[in-house]
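The structure appears below as structure tokens.
Values below: all heavy atoms of this structure, side chains included; hydrogens, waters and symmetry mates excluded.
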Amino acid sequence: MKNNVNNKAIICEKLTKQFGDFKAVDQISFDVNQGEIFGFLGANGAGKTTAMRMLCGLSFPTSGKASVAGFDVYRQQEKIKASIGYMSQKFSLYENLTVSENIEFYGGVYGLSRSEIKTRGEEMISKLGLGNEAKKLVGELPLGWKQKLSFSVAIFHKPKIVFLDEPTGGVDPLTRRQFWDLIYEAASNGITVFVTTHYMDEAEYCNRISVMVDGRVEALDSPANLKNNYNTHSMDEVFYQLARRARRTGD
Amino acid sequence: MKVLGFILQKEFRQIFRDKTILAIMFALPTIQLIILPIAANFEVKNVNVAVVDYDRSSYSQKLINKIASSGYFRMVGNTISYHDALKLIEKNDADIMLEIPQGFERNLVREGRQQLNMSVDAINGTKSSIGSGYLTAVLADFNKELDVNVKSVNSSAFTQSLRIDITYTDWFNPRREYKYYMVPGILVLLLTLIGGFITALNIVREKEIGTIEQINVTPIKKWEFILGKLIPFWIVGIIVFTVGLIVMYVVYGIFPKGSIAVLYLFAAVYLVALLGFGLLISTISNSQLQAMFVAFFFMMIFMLMSGFFTSIDSMPDWARKFSYLTPVTHFIAVVRLIVLKGSGFWQVKTELLYLSGFALLLNGCAILNYRKTS
């Protein structure tokens, strides 16, 4: 396993999370390559967020093995946390801090120096075109801008892997496109992107995607191969065919 | 250490940006400290007395005048029948009814004795017992004058009985003013509310918004996060305490008799204990509403068991033991001792042990209970 660590960002083997009798995540196994954009699909309640939380070191797995950035999810959670970025479903920058104050805080928390924060922060703000908004409270920004900012903050400390949990929920198509430009740019800089989404057009942007149904990974391949395997031209159709097998009701 | 600096910077920015929180922290305590001691007053004044005077003699008039001029009583209708006076008590217009029977003066002069009837509305136990106590004292005084003026004339001068004269001095609060007891207590209470509630609500708020998850996924160390939350509110608490001491001096003229340094030492340790309590609540609550109710539940117990309103010594044994298990009890006791009695460090050092114990215990539990990974 040691050898694989070098070229795999994430390795998952029979990873399981059980709440009482309920298996939220049921023996999932997959690898994610370094620099890859990995789409993590599934209906509501399929167990995506639970799986992601285990990989981010926010929750203990019940059984199985997994390593993220070469660190074990049972014992080295804090090391995992230092090498990943995370953008949760909920918007989680501080709304009562300004754009630059948020950048400063999260940069500082990840151990960047004040001078690094200053130069990189200015760079980032100008790239996002937020020059005029840098002194505004984040709560006053429109949702699309918030999400772009949130993503940029998540990769501000140059993590090895970034986890995105439905980053574009509720965002307009134009902003979604811009958002994915940011993702591509991050990936080209060598950051591995692990992203969940409900938009099938976004799924097509991924190098590989997995589809979770009832806590299990039911399909895992590139979008083109998946469409071939399921004899269809659209990812929508692939998703319908898989998700229809679900016994659980979504939330 | 560097990370802690960033956290503190963020916390202070948020605290000073939130005008409501600022007002809650500084304006409310000041206003409360000015208003509460005046209202929360256990001194019994203005006891309403209805005198039913069936005798209508110069003696009975003298007695009534004596009662009226004592300063504690308000006379309500004294030319009525027993029946009317009873109605006054039923309507809550009178607290005590004093019945002077017919033949009061005659019996006193001829036989040297006469009984009076005092009926007391005892719903408010304190008021009734203190009120009737006052009235009894006034009667006893009247009695003594009678001894000189009437009885000694009638009987022989040799029968004067042996008696012990008692003189007394009131220490630390010479005029027995309730505010000296109350104001330091209220100061402690305000500090407790602010320290206990604001930390709990602050952290739970981060849970509600979801930012705590973002924090948990960073490599922040547990102690950095907790200190980052405790230090700002500790400073706020010390400022509130200082503001309170100033109000206490300016408005009530109470200046600590003992050492201010010792007072601050206790306040510092007490705040750490209290913030730990708030932190502990925040680790077990998921919403501000929950945190509010849990904190309120304990605050009620703290307030009523801490000896703030009532004397701990008159509690039943189990309650007294229980009351030692709340940090508020110890801090209220110490503040009263230092502010009013001028006690020095060596006289109150046991309390410091108690408070340090609470600080360690509460913070320890909170740290154990706070998990970055669930």
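- For the pair Tyr86(A) and Asn216(B), the minimum side-chain heavy-atom distance is 4.5 Å or more.
- Contact annotation for Thr98(A): both backbone and side-chain heavy atoms come within less than 4.5 Å of a heavy atom of chain B.
- Interface remark: Glu104(A) contributes backbone and side-chain atoms alike to the contact with chain B (heavy atom separation under 4.5 Å).
- The side-chain heavy atoms of Ile209(B) and Phe91(A), taken from C-beta on, include no pair separated by under 4.5 Å.
- Of the inter-residue distances, the one linking Leu97(A) atom CG with Arg13(B) atom CZ reads 7.0 Å to the nearest 0.5 angstrom.
- Only the side chain of Glu206(B) has a heavy atom closer than 4.5 Å to any heavy atom of chain A.
- Tyr94(A) does not carry Arg17(B) over the face of its six-membered ring by the limits of under 6.0 Å from the centre and within 45° of the normal.
- Contact annotation: the side chain of Ile84(A) approaches that of Val217(B) to within less than 4.5 Å [non-hydrogen atoms, C-beta and beyond].
- The number of heavy atoms from other shown groups lying within 6.0 Å of CZ (Arg205(B)) does not exceed 12.
- In terms of heavy-atom pairs under 4.5 Å with chain B, the best-connected choice from Ser88(A), Ala154(A), Gly57(A) is Gly57(A).
- No side-chain heavy atom of Lys81(A) sits under 4.5 Å from any side-chain heavy atom of Thr218(B).
- With a 4.5 Å cut-off on non-hydrogen atoms, Glu213(B) touches chain A through its backbone and its side chain both.
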For this session: Report the C-alpha separation of Ile7(B) and Phe105(A) in whole Å, then their side-chain angles, then the decisive distance to 0.1 Å, and conclude whether the side-chain contact (heavy atoms from CB on, under 4.5 Å) test is met.
Result: CA-CA 7 Å; Ile7(B) 304 176; Phe105(A) 171 65; 4.1 Å; yes
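- Using a 4.5 Å heavy-atom cutoff, the side chains of Glu101(A) and Lys10(B) are not in contact.
- Counting heavy atoms from C-beta on, the side chains of Gln214(B) and Lys90(A) never come closer than 4.5 Å.
- When heavy atoms are compared at a cutoff of 4.5 Å, Gln77(A) approaches chain B solely by way of its side chain, counted from C-beta outward.
- Other residues, nucleotides and ligands contribute more than 12 heavy atoms inside 6.0 Å of the OH atom of Tyr264(B).
- Other residues, nucleotides and ligands contribute only 12 or fewer heavy atoms inside 6.0 Å of the NZ atom of Lys221(B).
- Counting non-hydrogen atoms of neighbouring residues, nucleotides and ligands closer than 6.0 angstrom, the OH atom of Tyr199(A) exceeds 12 such neighbours.
- For Lys2(B), the NZ atom is densely surrounded, since the number of other residues' heavy atoms within 6.0 Å is greater than 12.
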For this session: Give the intermediate values and the outcome of side-chain contact (heavy atoms from CB on, under 4.5 Å) for residues Ile117(A) and Phe6(B).
Result: CA-CA 12 Å; Ile117(A) 292 174; Phe6(B) 282 99; 3.6 Å; yes
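- Proximity to chain B is limited to the side chain of Leu137(A), based on heavy atoms less than 4.5 angstrom apart.
- For the atom pair CD1 (Ile215(B)) and OH (Tyr106(A)), the distance works out to 5.0 Å, reported to the nearest 0.5 Å.
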